[in-house]
**Q** 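I have a structure I would like to understand better, so I am pasting it below and will then ask my questions one at a time.
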Amino acid sequence: MGLTKKDLFSTDQNEMAEVAKVLGHPARIAILEHLLTANECVNGQLVQELGLAQATISQHLKELKKIKLIKGTIEGTSMCYCIDADKWTQLKSLFNQLFDRHPCCSGKNC
């Protein structure tokens with residue numbers, strides 16, 4: 001088997017790109033902001049909060065769950081979602097390592 005394009009990049013680079021792609025939709029950012037504020041959320045509250053259809057919210061939640069940034073538990077007939085604190089911390093560190101490499105942080109200019 002030949003190399004895929006992903007094989008040309010590090011695990012960290014591939015993970016950051018996948019996360020950035022998922023976070024590239026404003027509805028997903030809004031969902032994360034709401035979960036960060038509420039600390040947990042029932043899916044129905046997101047529909048009211050964001051004004052999007054239930055099916056649309058569910059699709060965005062699915063994408064956020066795929067990268068393990070959120071986790072959900074079943075409570076009766078509803079799903080309760082929250083930020084996965086461990087994954088949040090890991091991704092924060094990963095992106096900060098990239099951002100901290102910019103010369104502006106070391107006092108150097110381009």
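These numbers come from a predicted model, not from an experiment.
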**Q** List the steps, then state whether salt bridge (charged side-chain N to carboxylate O under 4.0 Å, His left out) holds for Lys6 with Glu15.
**A** CA-CA 10 Å; Lys6 284 188 172 188; Glu15 182 173 16; over 6 Å; no
**Q** Under 4.5 Å between any side-chain heavy atoms of Leu61 and Ile31, yes or no?
**A**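 In contact.
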**Q** Can you tell if the side chain of Lys65 reaches within under 4.5 Å of the side chain of Lys62, non-hydrogen atoms only?
**A**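 Not in contact.
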**Q** Could you check whether any side-chain heavy atom of Leu32 comes within less than 4.5 Å of a side-chain heavy atom of Ile70, counting everything from C-beta outward?
**A**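 Of all side-chain heavy-atom pairs linking Ile70 with Leu32, at least one is under 4.5 Å.
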**Q** Identify, with sequence neighbours excluded, every residue that meets salt bridge (charged side-chain N to carboxylate O under 4.0 Å, His left out) alongside Lys68.
**A**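 Result, salt bridge (charged side-chain N to carboxylate O under 4.0 Å, His left out) vs Lys68: none returned.
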**Q** Nearest 0.5 Å, please: how far is CZ in Arg101 from CG in Asn96?
**A**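 Answer rounded to 0.5 Å: 13.5 Å.
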**Q** How many angstroms lie between atom CD of Gln13 and atom CG of Leu8, to the nearest 0.5 angstrom?
**A**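 It comes to 10.0 Å.
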**Q** Can I get a per-line list of side-chain donor-acceptor pairs under 3.5 Å for residues 16-30, giving both atom names and the distance, sequence neighbours left out?
**A**
| residue | atom | partner | partner atom | Å |
| --- | --- | --- | --- | --- |
| His25 | ND1 | Ala27 | N | 3.0 |
| Arg28 | NE | His60 | ND1 | 3.0 |
| Arg28 | NH1 | Val22 | O | 3.1 |

**Q** Working to the nearest 0.5 angstrom, can you tell me the gap between Leu64 CG and Leu69 CG?
**A**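 It is 6.0 Å, given to the nearest 0.5 Å.
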**Q** Over all heavy atoms of both residues, which pair between Leu35 and Tyr81 is shortest? Give the atoms and the distance, please.
**A**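 Looks like CD2-O, 3.5 Å.
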**Q** If the condition is side chain to side chain donor-acceptor pair (under 3.5 Å), which residues does Ser93 pass it with, not counting sequence neighbours?
**A**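 Gln97.
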**Q** I'd like to know if the side chain of Gln48 and the backbone of Gln45 have a donor-acceptor N/O pair within less than 3.5 Å.
**A**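 Between the backbone of Gln45 and the side chain of Gln48 there is no qualifying donor-acceptor contact (under 3.5 Å).
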**Q** If I compare all heavy atoms of Asn14 with all of Phe9, which pair ends up nearest, and what's the gap?
**A**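 For Asn14 and Phe9, the tightest heavy-atom pair comes out as ND2-O, 3.3 Å.
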**Q** At what distance, to the nearest 0.5 angstrom, does CD of Glu63 lie from CD1 of Ile67?
**A**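 With rounding to 0.5 Å, CD (Glu63) is 8.5 Å from CD1 (Ile67).
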**Q** So does Ala85 get a backbone contact from the side chain of Thr89, meaning a donor-acceptor N/O pair under 3.5 Å?
**A**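 Answer holds: yes.
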**Q** In Å and rounded to the nearest 0.5 Å, what is the CD1 to CG distance from Ile83 to Leu36?
**A**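 Interatomic distance, Ile83 CD1 to Leu36 CG, rounded to 0.5 Å: 4.0 Å.
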**Q** Mind checking whether Leu46 and Leu52 have side chains closer than 4.5 Å, heavy atoms only?
**A**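 The answer is no; the side chains never approach within 4.5 Å.
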